[in-house]
**Student:** 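Please see the structure below; I have some questions.
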Amino acid sequence: MHTVSKVRLCDPLGDWRRTHHCAQLTSADAGHEVCLMGWIQFRRDHGGLIFIDLRDRRGLTQVVFNPEVDARAHERAHVLRPEYVLAMRGTVRLRPEGMRNPGLATGDIEVDVRDWKLLNTSSTPPFPIEDRVDVSESTRLEYRYLDLRRSRCTRNLVVRHTVTQAVRDFLINHDFLELETPMLTRSTPEGARDFLVPSRPNPGRFYALPQSPQLFKQLYMVAGLDRYYQIVRCFRDEDLRADRQPEFTQIDMELSFVDQDQVMDLAEQMIRYVFQKTLDVSLPDPFPRLTYDQAMADYGLDKPDIRFDLKLTDVTDLVRRSDFRLFSSAALVKALVLPGGADLSRGEIDQLTDFVRIYGAQGLAWIKIKSGEWQSPIAKFLSQEERDGLARGLSLNNDNIVFFQAGSPEVVNTALGYLRLELAQRRGFIDEARFQPVWITDFPLLEWDETEQRWFARHHPFTAPQEGHDELVVGQPGKALAKAYDLVLNGYEIGGGSVRIHTAELQRQMFSVLGLAQDEAASKFGFLLKALEYGAPPHAGIAFGLDRLVMLMTGATSIRDVIAFPKTQKASCLMTQAPAKVANLQLRELGLKLREQAKTSP
RNA sequence: GGGGCCGUAGUUAAGUUGGUUAUAACGCCGGCCUGUCACGUCGGAGGGCGCGGGUUCGAGUCCCGUCGGCCCCGCCA
């Protein structure tokens with residue numbers, strides 16, 4: 001009954017047509033008749049006079065219900081509530097002197113309502129549609145369509161739109177073709193876990209959703225399409241993070257007859273163009289470059305945040321003959337000097353010790369220099385000669401604190417690399433307004449996996465070795481470098497690519513180093529190997545993570561904030577309740593039977 | 001698979017060493033109000049503390065389990 005009466009309140013749109021949006025009217029429009037439509041943001045009902053802020057995605061306009069303008073329009077307006085959908089016709093007028101609102105784009109004017117229609121009512125929303133209201137993320141995700149009504153969310157989606165349009169604009173002007181690739185494809189070994197889709201006409205067989213269009217874009221090159229791009233959804237069934245969703249979007253591109261530098265140069269121009277068009281920000285030209293080895297040496301990570309200095313120093317040689325076993329027996333010893341860090345309390349150092357344990361560190365050695373004195377739990381283990389060597393090698397000064405990690409290169413670099421970021425954050429060394437890209441090049445082609453006792457492609461199995469490294473691939477796989485490159489922005493990997501292997505012979509060799517037997521390679525990648533037999537041109541490409549890029553550009557801290565309908569950390573959608581159980585009949589049609597009963601949600 | 005933080009009105013939060021009837025703000029409902037703009041003002045309704053066990057004379061507070069959200073390690077070519 002209640003619902004029925006509300007429906008009766010609503011008016012049909014009829015022949016009313018919107019003439020302006022809610023951020024458009026200015027003093028120049030004074031005197032004009034207009035028709036606005038939107039949602040009621042705030043209602044200020046003075047009894048004799050009612051003010052309403054009308055909202056659409058562009059902004060707010062104040063409309064006034066005044067009995068002296070139209071008694072009937074005013075009389076009916078007491079029922080209006082926040083989020084009701086309103087259409088109004090009226091006259092634009094300058095606000096009375098002293099009543100202007102400089103905080104509003106349309107604050108010089110207001111619209112006197114002569115007639116209005118209620119296009120729809122609204123239940124009381126679970127949270128107010130205002131940026132300043134703090135709401136838990138789970139409530140926001142359950143009512144995502146309301147969250148998206150809030151201007152911060154809307155703005156992020158607009159930035160996303162502007163970025164994709166700039167990308168298209170740039171690439172089309174550089175002779176790229178926007179080409180599609182299948183969403184239902186086949187599962188391939190290596191890489192992330194696939195999302196599988198059962199095939200009904202082929203019981204027991206499965207498609208996989210693409211982790212990326214990698215092979216198809218290479219086949220476009222074989223097909224002679226020459227320059228391909230696509231803004232495309234990719235799927236990886238791995239655990240989530242703030243910057244990882246099970247479905248995410250890549251700006252994917254591939255070019256023929258080019259080498260590494262041409263791809264990097266073009267990609268770099270595109271990113272500069274996107275920042276200029278979207279944020280009016282000029283990025284450096286050219287982007288700085290670091291080799292993988294240099295990045296690991298100086299920053300400990302292959303995605304360094306170079307907005308601040310604080311480099312790591314290798315001190316292995318300085319302590320190689322020390323009596324301090326922790327140092328002398330370690331494969332690698334590195335140090336991180338924090339200027340002015342001698343004021344860190346014991347409690348803070350304990351916190352930092354706990355912090356590096358996350359990355360596998362056993363502990364955190366440190367030395368403070370205060371008034372020329374070394375204060376440290378480990379100083380007593382070091383000879384005068386070693387102290388002098390460290391003081392010189394690290395340029396130690398008063399009020400410094402220096403942290404050490406000793407052990408496997410992997411743990412030492414990771415622990416100090418992330419400690420460097422943590423210290424910079426705590427000390428405010430990072431200019432949050434700055435965008436600092438950096439290319440990382442000369443990655444190792446292959447990495448040895450201890451658990452599986454075999455080589456893995458660091459980038460992917462289709463990446464070409466550097467000139468003259470072909471022999472190494474078989475002889476000393478760990479020594480071969482790849483024609484691969486990552487673009488890192490403010491400590492996030494936002495893109496990566498490589499020159500591809502374009503001869504069947506080298507591709508077969510790569511598969512064999514990776515432990516794929518001839519017949520296995522033939523069955524899983526036969527179509528690629530076959531294609532490479534038919535005149536595949538040299539080609540290379542790159543893909544950017546659109547979500548991460550837009551996250552950084554909007555200052556968001558999670559890609560969920562730039563994805564309209566994201567998943568939670570457990571990969572579920574709080575709005576649709578996906579994933580959900582399906583009927584047994586659906587399973588039977590697919591030839592499937594569940595081994596384990598699904599847990600019932602609360 | 002593992003570590004950490006968190007679930008209390010619609011929302012955001014407070015809730016003492018376990019102790020009468022669980023607080024507040026905003027929102028919501030009703031009255032008054034012709035220049036407000038997060039209007040003001042007076043009054044009112046609304047939860048039994050994510051869920052399930054246990055300890056206790058007594059549990060939002062303690063214990064166990066479980067579900068859910070967030071951050072991270074592993075994983076993510």
Side-chain angles (χ1 to χ4, degrees), chain A residues 41-54 60-69 74 78 81-83 95-104 106-107 110 123-143 146 188-194 211-212 214-215 234-246 248 354-361 411 414-415 418 422 443 445-447 449 451 455-463 482 484 493 496 498 510 514 543 545 557-558 560 567-570 572 574 577 599-602:
Chain A
Q41 179 72 47
F42 299 116
R43 173 181 72 122
R44 294 177 290 279
D45 187 344
H46 291 230
L49 196 61
I50 302 170
F51 298 94
I52 277 176
D53 291 334
L54 199 63
L60 297 176
T61 300
Q62 173 165 287
V63 301
V64 189
F65 299 80
N66 186 335
E68 289 157 24
V69 171
H74 170 263
H78 292 290
R81 293 291 181 275
E83 299 315 311
R95 292 198 191 184
E97 208 48 55
M99 303 302 164
R100 296 187 178 175
N101 184 347
L104 208 59
T106 58
E110 60 194 10
S123 300
T124 302
F127 51 87
I129 311 304
E130 297 172 59
D131 284 341
R132 61 193 164 78
V133 173
D134 192 23
V135 187
S136 73
E137 191 161 6
S138 50
T139 305
R140 291 173 51 204
L141 291 179
E142 185 181 348
Y143 297 93
L146 296 181
T188 53
E190 311 273 313
R193 192 177 294 114
D194 286 317
Q211 296 179 24
S212 80
Q214 182 59 38
L215 293 175
C234 304
F235 305 87
R236 293 177 193 176
D237 188 10
E238 296 291 349
D239 287 341
L240 277 52
R241 288 283 194 284
D243 62 352
R244 269 158 42 187
Q245 284 273 304
F248 60 98
D354 287 341
F355 177 81
V356 295
R357 281 188 216 281
I358 295 171
Y359 304 99
V411 169
T414 308
Y418 282 106
E422 176 71 12
F443 284 91
L445 184 68
L446 296 152
E447 279 176 338
D449 184 283
T451 326
W455 292 98
F456 272 82
R458 189 189 161 89
H459 186 59
H460 58 50
F462 320 108
T463 299
E493 183 201 322
S498 63
M510 177 62 77
L514 293 174
T557 51
S558 159
R560 289 188 302 277
K567 308 278 189 288
T568 69
Q569 188 158 55
K570 280 194 154 178
S572 66
L574 296 180
Q577 299 285 295
K599 280 181 196 160
T600 26
S601 294

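Letters go in sequence order (proteins before strands), and every chain restarts at 1.
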**Student:** If the C1' atom of B/U55 is compared with that of B/G15, how far apart are they to the nearest Å?
**Tutor:**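 Taking atom C1' in both B/U55 and B/G15, they lie 22 Å apart.
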**Student:** Rounding to an integer number of Å, can you tell me how far A/I358 CD1 sits from B/C72 P?
**Tutor:**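 Those two atoms, CD1 and P, are 10 Å apart.
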**Student:** What is the separation between atom CZ on A/F248 and atom P on B/C75, rounded to the nearest whole Å?
**Tutor:**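 Those two atoms, CZ and P, are 18 Å apart.
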**Student:** Tell me every residue that passes side chain to side chain contact (heavy atoms under 4.5 Å, CB included) with A/S498, counting only those two or more places apart in sequence or in another chain.
**Tutor:**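 Testing A/S498 for side chain to side chain contact (heavy atoms under 4.5 Å, CB included), a comparison that skips the adjacent residues, returns A/H459, A/H460, A/T463, A/A484, A/R500.
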**Student:** Quick one: salt bridge (charged side-chain N to carboxylate O under 4.0 Å, His left out) partners of A/R357, sequence neighbours excluded?
**Tutor:**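 Partners of A/R357 under the salt bridge (charged side-chain N to carboxylate O under 4.0 Å, His left out) test: A/D354.
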**Student:** Do the rings of A/Y359 and A/Y418 sit parallel, tilted or perpendicular, given the 30° and 60° boundaries?
**Tutor:**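 Rings of A/Y359 and A/Y418: parallel, as their planes differ by under 30°.
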**Student:** With a 3.5 Å limit on both atom pairs, tell me what B/G58 is paired to, counting Watson-Crick and G-U wobble, or say none.
**Tutor:**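 Result: none.
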**Student:** Can you list the residues that meet the salt bridge (charged side-chain N to carboxylate O under 4.0 Å, His left out) rule with A/R44, with sequence neighbours excluded?
**Tutor:**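 For A/R44 the salt bridge (charged side-chain N to carboxylate O under 4.0 Å, His left out) partners, ignoring immediate neighbours, are A/D53.
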**Student:** Could you measure between the two C1' atoms, the one in B/U56 and the one in B/C62, and give it in whole Å?
**Tutor:**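 Result for the C1' pair: 10 Å, nearest Å.
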**Student:** Using the C1' atoms only, state how far B/G30 lies from B/G46, rounded to an integer number of Å.
**Tutor:**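 Roughly 15 Å separates the two C1' atoms.
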**Student:** Would you call B/G48 syn or anti, using the 90° rule around 0?
**Tutor:**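 Glycosidic conformation of B/G48: syn.
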**Student:** Touch check for A/Y359, heavy atoms < 4.0 angstrom, all strands: base, sugar-phosphate only, or nothing?
**Tutor:**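 Sugar-phosphate, no base atom in range.
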**Student:** Would you state whether a donor and an acceptor, one from the side chain of A/R236 and one from the base of B/C76, lie under 3.5 Å apart?
**Tutor:**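 No, the side chain and the base share no sub-3.5 Å donor-acceptor pair.
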**Student:** For A/R458 and B/C76, give me the distance from atom CZ to atom P, rounded to whole Å.
**Tutor:**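 In whole Å, B/C76 P and A/R458 CZ are 12 Å from each other.
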**Student:** Identify, between A/E238 and A/A242, the residue whose nearest nucleotide on RNA chain B lies closer to the 5' end.
**Tutor:**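 The residue mapped nearer the 5' terminus is A/A242.
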**Student:** Whole-Å distance between B/C5 P and A/D354 CG?
**Tutor:**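 The distance from CG of A/D354 to P of B/C5 comes to 12 Å, rounded to the nearest Å.
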**Student:** Strictly under 4.0 angstrom, non-hydrogen atoms only: write out the protein contact profile of nucleotides 32-42 of chain B, one letter per nucleotide from the 5' end, B, S or -.
**Tutor:** -BBBBBBB---
**Student:** Just by modelled atom types, is the A/R560 backbone N or O under 3.5 Å from a matching donor or acceptor in the A/Q245 side chain?
**Tutor:**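 Between the backbone of A/R560 and the side chain of A/Q245 there is no qualifying donor-acceptor contact (under 3.5 Å).
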**Student:** Can you tell me how far C1' in B/A59 sits from the matching atom in B/A38, rounded to whole Å?
**Tutor:**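 39 Å, rounded to whole Å.
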**Student:** Is there a Watson-Crick or G-U wobble partner for B/G68 with both distances under 3.5 Å, and if so, which one is it?
**Tutor:**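 The base-pairing partner of B/G68, which may sit in any strand shown, is B/C6.
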**Student:** Any N/O pairs under 3.5 Å between the protein and nucleotides 10-14 of chain B? List them or say none.
**Tutor:**
unit_1	atom_1	unit_2	atom_2	d
B/G10	O2'	A/P126	O	3.0
B/U11	O4'	A/P126	O	3.2
B/U12	OP1	A/S136	N	2.5
B/U12	OP1	A/S136	OG	3.0

**Student:** Among B/C28, B/G68, B/C75, which nucleotide sits nearest the side chain of A/R241?
**Tutor:**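 The nucleotide sitting nearest to the side chain is B/C75.
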**Student:** Mind checking the P distance from B/A9 to B/G48? Whole angstroms is fine.
**Tutor:**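 Between the two P atoms, the distance is 8 Å.
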**Student:** Under 3.5 Å, side chain of A/H74 to main-chain N/O of A/G48, donor-acceptor pair present?
**Tutor:**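 Looks like yes, one N/O pair under 3.5 Å.
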**Student:** Using both distances under 3.5 Å as the test, list the Watson-Crick or G-U wobble partner of B/G74, or none.
**Tutor:**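 Here B/G74 is not engaged in any pair, so there is no nucleotide opposite it.
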**Student:** Under 3.5 Å, side chain of A/Q211 to main-chain N/O of A/G191, donor-acceptor pair present?
**Tutor:**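 Between the backbone of A/G191 and the side chain of A/Q211 there is no qualifying donor-acceptor contact (under 3.5 Å).
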**Student:** Excluding sequence neighbours, so at least two apart, what forms side chain to side chain contact (heavy atoms under 4.5 Å, CB included) with A/V133?
**Tutor:**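 Scan of A/V133 (side chain to side chain contact (heavy atoms under 4.5 Å, CB included), adjacent residues dropped) gives A/P128, A/E130, A/V135, A/R150.
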**Student:** Whole angstrom is fine here: how far is it from CD in A/Q569 over to C1' in B/C67?
**Tutor:**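 After rounding, the reported distance stands at 15 Å.
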**Student:** Could you let me know what B/G48 is paired to, Watson-Crick or G-U wobble, both distances under 3.5 Å, or none if it's on its own?
**Tutor:**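 Because no pair has both required distances under 3.5 Å, B/G48 counts as unpaired.
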**Student:** Base, sugar-phosphate alone, or nothing: which one does A/T463 contact when heavy atoms must sit under 4.0 Å apart?
**Tutor:**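 Here A/T463 touches no strand at all.
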**Student:** When rounded to the nearest 0.5 angstrom, what distance separates CG in A/L574 from NZ in A/K567?
**Tutor:**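 Separation between the atoms: 10.5 Å.
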**Student:** Taking only residues two or more places apart in sequence or in another chain, which ones pass side chain to side chain contact (heavy atoms under 4.5 Å, CB included) with A/D449?
**Tutor:**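 Side chain to side chain contact (heavy atoms under 4.5 Å, CB included) list for A/D449, sorted by chain: A/T451, A/E452, A/F456.
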**Student:** Output all residues satisfying ring pair (Phe, Tyr, Trp, His ring centres under 6.0 Å) with A/F235, sequence neighbours left out; order by chain, then residue number.
**Tutor:**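 Expected list: none.
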**Student:** Looking at the side chain of A/S558, which of B/C71, B/G1, B/G69 is the nearest nucleotide?
**Tutor:**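 From the listed options, B/C71 comes nearest.
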**Student:** Salt bridge (charged side-chain N to carboxylate O under 4.0 Å, His left out) with A/R236: which residues, sequence neighbours excluded?
**Tutor:**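 So A/R236 forms no salt bridge (charged side-chain N to carboxylate O under 4.0 Å, His left out) with any residue.
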**Student:** For A/D237, give me all partners under side chain to side chain contact (heavy atoms under 4.5 Å, CB included), at least two apart in sequence or on another chain.
**Tutor:**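 Residues passing side chain to side chain contact (heavy atoms under 4.5 Å, CB included) with A/D237: A/R193, A/F195.
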**Student:** Taking only N/O atoms, report every protein-nucleotides 45-47 of chain B pair under 3.5 Å with atom names and distance.
**Tutor:**
none

**Student:** A/R43: what forms a salt bridge (charged side-chain N to carboxylate O under 4.0 Å, His left out) with it, not counting sequence neighbours?
**Tutor:**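 If we apply the salt bridge (charged side-chain N to carboxylate O under 4.0 Å, His left out) test to A/R43, skipping adjacent residues, the hits are A/D45.
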**Student:** Taking the C1' atom of each, how far is B/G27 from B/G47, in whole Å?
**Tutor:**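 These two C1' atoms come out 15 Å apart once rounded.
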**Student:** Ignoring backbone atoms, test whether A/R560 places a side-chain nitrogen or oxygen under 4.0 Å from the OP1 or OP2 oxygen of B/C71.
**Tutor:**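 So the side chain of A/R560 is within the cut-off, an N or O lying under 4.0 Å from OP1 or OP2 of B/C71.
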**Student:** Both distances below 3.5 Å, Watson-Crick or wobble geometry, any strand: find the nucleotide opposite B/U21.
**Tutor:**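 None - no nucleotide pairs with B/U21, as no candidate has both distances under 3.5 Å.
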**Student:** Going by purine N1 to pyrimidine N3 plus the second Watson-Crick contact, or the G-U wobble pair, all under 3.5 Å, which nucleotide sits opposite B/U16?
**Tutor:**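 Base-paired to nothing in any strand shown.
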